[in-house]
Chemist: 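Right, I'll just put the structure down here and ask away after.
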Amino acid sequence: MINITLPDGQVKQYPKGTTAMDIAKSISEGLARNVLSAKVNGEVVDANLPIETDATFTLLTFNDAQGKETMWHSTAHLMAEALEFYYPGVKFWVGPPLENGFYYDVDCGTYVLSTDDFKKIEDKMLELARQNNPYLRKAISKTDGIKYFTEKGDEYKLDLLQNLEDGNITLYTQGNFTDLCRGPHIPHTGLIKAVKLTALAGAYWKGDEKNKQLTRIYGISFPKQKDLDEYLKMLEEAKKRDHRKLGKELELFTFSEKVGMGLPLWLPKGTAVRERLEQFMRKAQVQAGYLPVVTPHIGNKNLYITSGHYEKYGKDSFQPIKTPHEGEEFFLKPMNCPHHCEIYKASPKSYKDLPVRYAEFGTVYRYEMAGELHGLTRVRGFTQDDAHLFCRPDQVKEEFCKVIDLVLYVFKALNFTDYVAQISLRDPENKAKYIGSDENWQLAEQAIIESANEKGLKTFVELGEAAFYGPKLDFMVKDALGRKWQLGTIQVDYNLPARFELEYTGSDNQKHRPVMIHRAPFGSLERFVAVLIEHCAGNFPLWLTPEQVYVLPISDKYNDYAKKVCQLLNNYDIRALVDERNEKIGKKIRDTELKKIPFMLVVGEKEMTDNAVAVRKHSEGDKGTMTIEAFAELIKQEINGQLA
RNA sequence: GCCGAAGUAGCUCAGCUGGUAGAGCAGCUGAUUUGUAAUCAGCAGGUCGGGGGUUCGAGCCCCUUCUUCGGCUCCA
């Protein structure tokens with residue numbers, strides 16, 4: 001007998017070799033029908049894998065993230081079976097589960113798969129699913145594996161096989177399809193009740209753009225049709241929050257082919273949001289001891305040769321502009337840091353001067369590949385709320401922590417609670433991509449890790465995500481469709497100060513090298529606004545929204561009173577407008593609701609007589625009548641609450 | 001840049017096997033004077049992304065180019 005510890009701490013005895021499915025059945029038949037896989041001693045395994053030793057044990061169903069993964073991975077195999085049915089000779093690379101669904105990278109040879117083929121593939125998948133075919137696991141030797149896939153003629157699987165250790169190789173078979181796979185899989189195909197192929201894309205083999213491009217098919221599946229319907233509905237809802245759609249509807253920004261792709265044009269209302277964010281940040285930075293500076297939009301090529309940007313990005317960025325007579329080369333500014341280094345050098349520094357913190361809303365231009373552009377989140381010209389802190393080595397941690405505080409302050413004021421802090425380190429396998437000594441990198445990485453820990457941030461480490469001159473602490477948030485974006489970033493840099501030969505005089509009267517911290521709490525204003533739009537679904541916080549109040553006269557007899565109300569509110573610094581159109585009140589309310597204006601003030605005979613306003617709040621409705629002063633006070637209080 | 005999809009009025013979209021370009025909203029003009037999510041009528045609005053081609057005839061078919069969308073790769 002073996003002891004099985006259930007999630008609630010209960011220990012039960014089962015015969016040796018019992019399976020997760022046996023345990024599930026011993027608890028309830030209903031549960032057993034929903035079991036997809038199980039976690040045994042922390043490892044996710046097939047539900048019908050015999051358990052030989054004492055173990056902690058959790059059953060996994062579609063309600064568990066890992067249960068979903070099992071389901072989706074098995075669905076990828078099911079799709080592969082359907083593909084093989086329609087396109088014999090199709091070759092398979094990998095088919096992993098994702099956060100939402102799965103994909104499989106395949107090579108269809110000369111056949112060009114299109115989304116028109118999805119329907120018949122989905123139908124075949126469901127037909128195969130209904131056969132309730134079990135997923136059968138089989139351990140094989142490497143030689144047998146090589147033999148099998150050589151006969152099948154699948155060079156991609158052979159490539160995978162080459163990198164596997166003998167004795168640790170398994171095949172999974174369901175119906176007529178056998179795949180090299182470590183598993184685990186769901187018990188049988190019948191658990192898959194609803195499937196949807198969602199997208200088709202090219203994907204380079206092994207993610208290398210020099211390699212052949214495979215066809216990647218994305219899909220998702222569910223244990224009930226209803227779950228799929230709900231998922232599709234959720235996707236529809238998410239699309240409504242898309243900043244590109246809202247940006248158009250709320251007249252925030254636009255693009256023009258004539259101006260050029262990836263070059264956003266900020267409309268008046270979008271500009272109002274953006275400038276208010278800027279003011280907010282300027283104020284916070286002054287309080288934190290930053291010194292605003294301004295630098296030009298172009299810089300001499302030599303500047304970027306010194307910084308290393310030229311070597312790293314010179315060929316892949318906008319090409320230099322030349323002076324007509326001297327032929328001197330200037331680049332559009334892709335970064336503010338080299339300019340700020342030169343500002344630092346403008347005067348000799350003493351250890352007593354440090355830290356100095358230069359801040360600039362610097363607009364930078366970067367060539368992004370055409371296929372990369374995406375609304376406001378990925379553009380070719382954008383403005384960073386950039387600053388560079390130059391400090392003594394003993395000040396690095398304190399300064400870094402203060403910057404983290406600033407980022408968190410910003411996130412709080414804008415209601416961003418769902419973020420993760422990514423510690424982006426150097427790729428240890430590929431150090432040639434970076435500049436600077438191992439020692440400097442170690443110091444910088446250590447400073448970031450220590451500061452993040454000190455601030456109690458929820459972090460995870462990504463290797464290879466560092467900037468070429470230093471490691472980063474990146475604050476990542478998700479957009480409406482679940483795509484991750486980097487907003488705030490803080491970077492420790494020992495390298496640029498050396499390249500620019502920055503110095504300060506220490507208390508020992510010797511020259512020392514300062515450490516540089518790059519930081520941008522918003523990151524790029526463009527991207528920040530985009531994510532903010534999706535985050536609040538276009539309903540900006542009251543302090544930030546371009547138009548706070550619409551005064552809606554019942555008929556044009558009350559336009560003058562409405563204008564008086566508006567004027568009074570404007571005197572209180574409240575952004576109010578009058579809807580003077582010759583429309584019925586219902587129409588004015590509808591239009592104002594659609595514009596997502598936070599407050600509507602309906603004014604007619606009663607209000608004019610009482611010197612009052614009838615308050616209606618966006619998406620909430622009638623809030624009753626009050627005096628103009630009382631309403632102004634209400635607004636002030638709500639704003640104070642948001643910025644507290 | 002690569003793979004796949006798409007581009008029709010300011011916006012959202014319809015337009016059959018190739019046969020005279022449509023609707024709603026927005027806009028303009030007029031009527032209406034309105035009490036909490038659409039008052040009515042009229043008018044105007046288009047090189048069907050651009051360029052080539054096939055055809056008696058192209059929004060529709062073919063080629064090319066630009067842009068956008070979904071991914072890949074990249075992201076100082």
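Letters A, B, ... mirror the listed sequences (proteins, then strands); counts begin at 1.
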Chemist: In whole Å, I'd like the distance from the CZ atom of A:R590 to the C1' atom of B:G35.
Modeler: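 One finds 18 Å between C1' of B:G35 and CZ of A:R590, rounded.
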Chemist: Please tell me which of the listed nucleotides, B:A38, B:U36, B:U34, lies nearest to the side chain of A:S555?
Modeler: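 Output: B:U34.
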Chemist: Report the nucleotide, chosen from B:G71, B:U39, B:C74, that has the shortest atom-to-atom distance to any side-chain atom of A:Y218.
Modeler: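 Selected nucleotide (nearest to the side chain): B:G71.
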Chemist: So, does A:H374 get its side chain near the phosphate of B:G71, meaning an N or O under 4.0 Å from OP1 or OP2?
Modeler: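 Answer no for this pair, as no side-chain N or O of A:H374 is under 4.0 Å from OP1 or OP2.
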Chemist: Between B:G19 and B:G15, how many Å separate the two P atoms, rounded to a whole number?
Modeler: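 Going atom to atom, P in each nucleotide, I get 13 Å.
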Chemist: Verify whether the ring centers belonging to A:F331 and A:H309 lie closer than 6.0 Å.
Modeler: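 That pair fails the under 6.0 Å test.
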Chemist: Which sits closer to the 5' end of RNA chain B, A:Q384 or A:D556, going by the nucleotide each is nearest to?
Modeler: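 Its nearest nucleotide lies further toward 5', so the answer is A:D556.
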Chemist: On a whole-Å scale, what distance lies between the P atoms belonging to B:A9 and B:G50?
Modeler: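 Their P atoms lie roughly 10 Å apart.
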Chemist: Using whole Å, what does the distance between atom P of nucleotide B:G71 and atom CZ of A:F118 come to?
Modeler: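 Answer to the nearest Å: 13 Å.
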Chemist: Evaluate the salt bridge (charged side-chain N to carboxylate O under 4.0 Å, His left out) criterion for residues A:E534 and A:K478: first the C-alpha distance (whole Å), next the side-chain angles of each, then the deciding distance (0.1 Å), finally the verdict.
Modeler: CA-CA 9 Å; A:E534 308 204 350; A:K478 282 184 192 172; over 6 Å; no
Chemist: So which of A:T198, A:I217, A:I220, A:L98 actually passes side chain to side chain contact (heavy atoms under 4.5 Å, CB included) with A:Y103?
Modeler: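 Among the candidates, only A:L98 passes.
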Chemist: For B:A14 and B:A58, measure between their P atoms and round to the nearest Å.
Modeler: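 Their P atoms lie roughly 24 Å apart.
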Chemist: Choose from B:C75, B:A76, B:U36 the nucleotide whose nearest atom is closest to any side-chain atom of A:R527.
Modeler: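 Minimum distance to the A:R527 side chain belongs to B:C75.
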Chemist: Can you tell me how the ring of A:H243 sits relative to the ring of A:F253, calling it parallel under 30°, perpendicular over 60° and tilted otherwise?
Modeler: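 Judged by the thresholds at 30° and 60°, the geometry between A:H243 and A:F253 is tilted.
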Chemist: Answer yes or no: is there a side-chain heavy-atom contact under 4.5 Å between A:Y434 and A:W441?
Modeler: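 They are in contact (side-chain heavy atoms under 4.5 Å apart), so the answer is yes.
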Chemist: Give the nucleotide from the list B:C3, B:A38, B:C69 with an atom nearest to the side chain of A:Q213.
Modeler: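 It is B:C3.
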Chemist: B:U47 pairs with which nucleotide, Watson-Crick or G-U wobble, both distances below 3.5 Å?
Modeler: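 Check on B:U47: unpaired, no WC or wobble geometry under 3.5 Å.
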Chemist: Distance check, C1' atoms only: B:A37 and B:C75, in whole angstrom units.
Modeler: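 To the nearest whole Å, 44 Å.
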Chemist: Are the ring of A:Y469 and the base ring of B:A76 both nearer than 5.5 Å at their centres and tilted by less than 30°?
Modeler: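 The base of B:A76 is not stacked with A:Y469 (the test needs centres under 5.5 Å and planes under 30°).
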Chemist: For B:A21, what is the paired nucleotide under Watson-Crick or G-U wobble rules, both distances under 3.5 Å?
Modeler: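 Pairing partner, where one exists within any strand: none, as none qualifies.
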Chemist: Which of these, A:K588, A:R616, A:K587, sits in a salt bridge (Lys or Arg N to Asp or Glu O under 4.0 Å) with A:E593?
Modeler: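 With A:E593 as partner, salt bridge (Lys or Arg N to Asp or Glu O under 4.0 Å) holds for just one option, A:R616.
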Chemist: For B:U39, which nucleotide is its Watson-Crick or G-U wobble mate, given both distances must be under 3.5 Å?
Modeler: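 With both distances under 3.5 Å, B:U39 matches B:A31.
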Chemist: Roughly how far apart, to the nearest Å, are B:C28 and B:C66 at atom P?
Modeler: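 The answer is 38 Å between these two P atoms.
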Chemist: B:G70 and B:G10: how far apart are their C1' atoms, nearest whole angstrom?
Modeler: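 Nearest-Å result for B:G70 against B:G10 at atom C1': 26 Å.
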Chemist: Can you check the distance between B:C60 and B:C3, where both ends of the measurement are the C1' atom (answer in whole Å)?
Modeler: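 The answer is 26 Å between these two C1' atoms.
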Chemist: What integer number of Å spans the C1' atoms of B:U12 and B:G71?
Modeler: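 It comes out at 26 Å once rounded to the nearest Å.
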Chemist: Choose from B:U36, B:U34, B:G1 the nucleotide whose nearest atom is closest to any side-chain atom of A:R616.
Modeler: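 Nearest listed nucleotide: B:U36.
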Chemist: State which of B:C69, B:U67, B:G35 makes the closest approach to the side chain of A:M261.
Modeler: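 Closest nucleotide to the A:M261 side chain: B:U67.
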Chemist: Can you find a pair of side-chain heavy atoms, one from A:E368 and one from A:V379, that are under 4.5 Å apart?
Modeler: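 The answer is no; the side chains never approach within 4.5 Å.
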Chemist: Hey, which of these two, A:Q486 or A:V112, hits RNA chain B nearer its 5' end, going by closest nucleotide?
Modeler: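 It is A:V112, whose closest nucleotide lies nearer the 5' terminus.
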Chemist: Examine the side chains of A:T545 and A:E547 and answer whether a donor and an acceptor come within less than 3.5 Å of each other.
Modeler: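 No, no side-chain donor-acceptor pair sits under 3.5 Å.
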Chemist: Are A:R380 and B:C75 close enough that a side-chain N or O sits under 4.0 Å from OP1 or OP2?
Modeler: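 No.
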Chemist: Taking atom types as they are modelled, would you say the side chain of A:E368 forms a donor-acceptor pair with the base of B:G1 within the 3.5 Å cutoff?
Modeler: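 Per atom types, no contact qualifies.
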Chemist: Where the side chain of A:L594 is defined as all heavy atoms beyond and including C-beta, which of B:A37, B:A5, B:A76 is the nearest nucleotide?
Modeler: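 Nearest nucleotide to the side chain: B:A37.
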Chemist: Considering every strand shown, what is the Watson-Crick or G-U wobble mate of B:A6 when both distances are under 3.5 Å?
Modeler: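 Paired with B:U67.
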Chemist: Send over the distance from A:H618 NE2 to B:A37 P, rounded to a whole Å.
Modeler: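 Atom-to-atom, A:H618 to B:A37, this comes out as 14 Å.
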Chemist: Quick one: A:L113 CG to B:G71 C1', roughly how many Å, whole number?
Modeler: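 Going from A:L113 (CG) to B:G71 (C1'), I get 14 Å.
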Chemist: Among B:A37, B:C3, B:U12, which is the nearest nucleotide to the side chain of A:K248?
Modeler: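 Side chain of A:K248 sits closest to B:U12.
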Chemist: Taking only the side-chain nitrogens and oxygens of A:K258, find out if one of them lies under 4.0 Å from OP1 or OP2 of B:C66.
Modeler: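 Answer is no, no contact under 4.0 Å.
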Chemist: Counting only side-chain heavy atoms from C-beta out, which of B:G70, B:C25, B:A76 sits nearest to A:M335?
Modeler: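 Comparing B:G70, B:C25, B:A76 against the side chain of A:M335, the answer is B:A76.
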Chemist: With a 4.0 Å limit, can you tell me whether A:Y204 has a side-chain N or O closer than that to the phosphate oxygens OP1/OP2 of B:C72?
Modeler: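 So the side-chain polar atoms of A:Y204 never come under 4.0 Å of the phosphate oxygens OP1 or OP2 of B:C72.
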Chemist: Compare side-chain N and O positions of A:K587 against OP1 and OP2 of B:A26 and report whether any pair is under 4.0 Å apart.
Modeler: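 True: A:K587 side-chain N/O within range (under 4.0 Å) of B:A26 OP1/OP2.
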Chemist: Among B:C72, B:A76, B:C75, which nucleotide sits nearest the side chain of A:R378?
Modeler: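 Given the options B:C72, B:A76, B:C75, the side chain of A:R378 is closest to B:C75.
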